[in-house]
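Numbers restart at 1 for each chain; the letters A, B, ... are given by sequence-line order, proteins then strands.
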2 protein chains.
Amino acid sequence: MATIGDVARAAGVSRSTASYALSGKRSISADVRRRVEEAVRDLGYTPNAGARALATSQTMVIGLLAQFLEDEFAPAMLQYIQGVANTARELGYDILLVTEVDGTRGLRRVTDSRMVDGVVLLNVAEHDDRLPILRAASQPGALVGLPADCTGVDVFDLDFEEAGRLMVDDLHRLGHRELALVSQPEHVIERGGAYVWRLQNAAAEAARVRGITLHAIFASAHQPDVGRELHDLLDAHPGVTGLLINNEAAAAALPTVLHARGLSVPGDLSVIGRYSDEFARTFSLPYSSIESAPDRLGRMAVRQLVRRIEGEVGPDEPHVVRFVSPELVDRRSTGAPRR
Amino acid sequence: MATIGDVARAAGVSRSTASYALSGKRSISADVRRRVEEAVRDLGYTPNAGARALATSQTMVIGLLAQFLEDEFAPAMLQYIQGVANTARELGYDILLVTEVDGTRGLRRVTDSRMVDGVVLLNVAEHDDRLPILRAASQPGALVGLPADCTGVDVFDLDFEEAGRLMVDDLHRLGHRELALVSQPEHVIERGGAYVWRLQNAAAEAARVRGITLHAIFASAHQPDVGRELHDLLDAHPGVTGLLINNEAAAAALPTVLHARGLSVPGDLSVIGRYSDEFARTFSLPYSSIESAPDRLGRMAVRQLVRRIEGEVGPDEPHVVRFVSPELVDRRSTGAPRR
DNA sequence: CTGAAAGCGCTTACAG
DNA sequence: CTGAAAGCGCTTACAG
């Protein structure tokens with residue numbers, strides 16, 4: 001592989017001149033620039049990333065910490081990953097994908113060894129083990145997901161409280177008086193997946209204020225459990241006329257369950273989910289839904305992270321906590337309650 | 001950040017001794033080893049990855065080339081990524097995820113700049129643009145997906161021909177005489193997604209041999225198109241008693257379509273898909289399916305790649321082309337044809 | 001506008 | 001068993 005020394009020799013200049021000709025960091029005579037560029041072309045020269053990182057203390061790599069947990073809905077993660085990866089590339093960064101179960105180990109490895117200039121943490125829990133490590137690291141970090149303590153990091157998340165209120169209010173307005181909310185598996189909450197109860201608590205509070213009933217259950221992330229749990233829910237609460245689904249696997253399982261029970265939407269039951277439009281179209285989820293905007297959140301996180309990395313915002317400048325407002329995508333799965 | 005020089009000073013030894021004490025590449029007195037380890041702990045020392053890469057010409061990073069194409073089914077990709085990422089980590093490697101649309105550019109960047117020790121290419125097309133670049137690179141590569149020319153690379157794929165035969169034979173044995181095969185979008189074939197026609201051709205040939213009819217169509221990767229196309233298919237061929245689905249989005253859309261038409265499975269229609277079991281359970285896909293084994297393929301590719309990287313197989317040793325045999329996971333969606 | 005030199009933080013022959 | 005030194009391939013003050 002050609003080095004900058006080879007390029008310099010071929011162009012008949014010093015290595016520093018070759019380097020400057022390529023970086024443009026000082027003025028170079030037209031003739032020299034031409035010779036250097038020619039040498040680069042002839043030799044097929046590309047700078048060695050490790051050497052450059054060593055010299056500049058910049059890797060041009062962003063660490064992406066994602067975890068695929070058994071009881072969580074892995075496919076949803078992909079859309080965040082895409083948003084992060086695409087935005088990073090647009091800004092000149094590559095992505096180091098860290099998926100190991102023990103996120104703390106992975107985070108420590110990539111920051112301590114300086115493999116990355118900054119990190120994006122996905123699926124952040126309320127008391128996330130990774131946060132103390134991130135705060136101790138010398139690289140900046142951006143989170144997707146709201147932790148209890150946001151100091152020292154930039155945070156981006158869907159406004160799950162507003163999402164919960166919106167779901168309830170929408171069905172209340174249509175005349176529903178008894179609703180059920182199907183959340184992610186209870187394990188997710190125990191692990192600190194705050195978004196589950198943030199939506200649930202807000203929905204419960206909205207129901208209380210409106211004076212209507214809301215049954216809240218947790219459901220699994222896989223068949224056959226999730227199907228059975230949906231049947232159980234409908235058996236237990238025959239008066240329910242509206243379903244709120246904050247669980248992608250449950251949304252995917254629902255059509256079959258309703259078919260088996262001979263129920264139609266929205267005639268017998270109104271349904272609102274919480275997932276991205278892309279998701280709905282890919283998996284034929286037929287219900288109106290709160291857009292979860294994963295690509296947008298990933299994009300926002302990377303943008304802010306790169307601003308920190310590149311010093312456009314000083315390290316003392318206040319960190320941001322930014323919520324994306326939920327929007328309802330109408331797929332005509334809600335209507336007046338059956339009587 | 002502490003360097004090996006800091007460690008050496010704290011331990012009262014030379015930098016080389018500190019380095020050897022950590023790598024274990026030559027014998028070190030117990031006392032020195034203890035002092036070095038203590039210094040490492042006290043200082044929180046971790047080797048700088050860029051410096052190490054420069055000195056050893058090893059990055060301990062594998063490039064993972066994945067592309068999320070508009071007309072393809074992105075979520076399936078995630079399972080390959082997980083297989084690759086987990087196996088890489090087990091073997092001590094990190095993953096650089098390259099998702100840009102122009103895979104050739106990405107591949108060239110990460111190989112030329114020596115950011116990676118080797119690469120895994122996902123979703124390889126028959127005449128894949130990335131292959132000439134990979135062959136010219138100095139790092140080894142492993143593919144998931146079968147190209148026309150396999151020279152210089154290790155190749156892993158599902159045996160799609162066998163999958164096609166298996167689907168047809170299974171329904172033929174049950175007495176079906178008119179089948180339809182729903183493939184990925186035609187764009188995928190045009191782009192060179194050979195697996196689509198490999199399965200389709202083998203299925204057609206099996207049908208020919210058995211003397212039965214097989215209608216083959218392409219369907220979209222999203223709603224609402226895919227739903228409409230399934231309806232059109234069933235309208236056009238009322239005599240069809242068995243459906244073969246080589247298209248995840250179509251498998252997800254089918255329950256709703258059949259429900260709308262009042263058809264039950266397997267009473268009115270037998271159905272066999274081609275997707276992973278994990279996928280079926282996550283998305284409530286109720287049909288028997290050929291296991292596509294994405295995690296296994298990802299794992300095999302990384303294992304072989306690392307063997308090449310680490311010189312366990314010489315560069316002249318023959319490259320492998322290995323097919324995973326399809327296995328049918330029974331979900332009771334097939335039976336005798338309606339009469 | 002250009003060059004010689006130092007330095008980034010490691011590893012590893014070479015010498016003892 | 002240990003140390004001094006060279007070298008990996010860059011970038012960037014420093015000097016002219």
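- Applying the 3.5 Å distance criterion, the base of D:dT11 shares no donor-acceptor pair with the side chain of A:Arg52.
- Without hydrogens or angle criteria, A:Asp129 side chain to A:Thr104 main chain gives no donor-acceptor distance under 3.5 Å.
- The base of D:dA4 is not paired with the side chain of B:Tyr20 by any donor and acceptor separated by under 3.5 Å.
- The distance from the CG atom of A:Asp112 to the CG atom of B:Asn48 is 11.0 Å, given to the nearest 0.5 Å.
- Across the protein-nucleic acid pair, A:Gln58 atom CD and D:dC10 atom P stand 17 Å apart, rounded to whole Å.
- In the interface, the side chain of A:Ser16 is not paired with the base of C:dA5 through any donor and acceptor atom under 3.5 Å apart.
- The distance from atom CG of A:Leu22 to atom C1' of D:dG9 is 13 Å, rounded to the nearest whole Å.
- Straight-line distance from the CD1 atom of B:Ile4 to the C1' atom of C:dT12: 12 Å, rounded to whole Å.
- In this structure, B:Ser14 reaches the D:dG3 phosphate: one of its side-chain N or O atoms is under 4.0 Å from OP1 or OP2.
- Shown here is A:Arg105, whose CZ atom has no more than 12 heavy atoms of other residues, nucleotides or ligands within 6.0 Å.
- When each of A:Thr17 and B:Thr17 is assigned the nucleotide of DNA chain D bearing its nearest heavy atom, the one mapping closer to the 5' terminus is B:Thr17.
- Counting non-hydrogen atoms under 4.0 angstrom, A:Ser29 reaches the backbone sugars and phosphates but no base.
- Remark: A:Lys25 is not in phosphate contact with D:dT11, judged by side-chain N or O atoms under 4.0 Å from OP1 or OP2.
- In this structure, of D:dC10, C:dT11, D:dT2, it is C:dT11 that holds the atom nearest to the side chain of B:Ser19.
- Crowding of A:Arg296 atom CZ: a count of heavy atoms from other residues, nucleotides or ligands under 6.0 Å not exceeding 12.
- Looking only at atom types and distance, the side chain of A:Thr3 has no donor-acceptor partner in the side chain of A:Arg15 under 3.5 Å away.
- When only modelled atom types and interatomic distance are considered, B:Asp149 and B:Thr151 share a side-chain donor-acceptor pair under 3.5 Å.
- Contacts of B:Thr3 with the nucleic acid, taken as non-hydrogen atoms under 4.0 Å apart, involve only primed sugar atoms and P, OP1 or OP2.
- Computed from coordinates, the A:Asn48 CG to C:dC10 P distance equals 16 Å when rounded to whole Å.
- A distance-only check finds a donor-acceptor pair linking the side chain of B:Gln139 to the backbone of B:Thr111 [under 3.5 Å].
- One interatomic measurement links the two molecules: CG of B:Leu54 to C1' of C:dT11, which rounds to 10 Å at whole-angstrom precision.
- The interatomic distance linking B:Met1 (CE) with C:dC8 (P) rounds to 16 Å, in whole Å.
- Between B:Leu107 atom CG and B:Arg130 atom CZ the span is 7.5 Å, to the nearest 0.5 Å.
- Residue contacts for B:Thr46: at a heavy-atom cut-off of 4.0 Å it reaches the sugar-phosphate backbone alone, with no base atom in range.
- Atoms CZ (B:Arg15) and P (C:dA13) sit 16 Å apart, rounded to a whole Å.
- As judged by a 4.0 angstrom heavy-atom cut-off over every strand, A:Thr56 is placed among residues touching the sugar-phosphate backbone only.
- Nearest to the side-chain atoms of A:Ile28 among the listed nucleotides C:dC10, C:dT2, D:dG9 stands C:dT2.
- The nearest whole Å value for the distance from the CZ atom in A:Arg26 to the P atom in D:dT12 is 11 Å.
- Paired regions of DNA chain D, where each region holds three or more successive Watson-Crick or G-U pairs whose two hydrogen-bonding distances fall under 3.5 Å, are C:1-3 with D:14-16, C:5-12 with D:5-12, C:14-16 with D:1-3.
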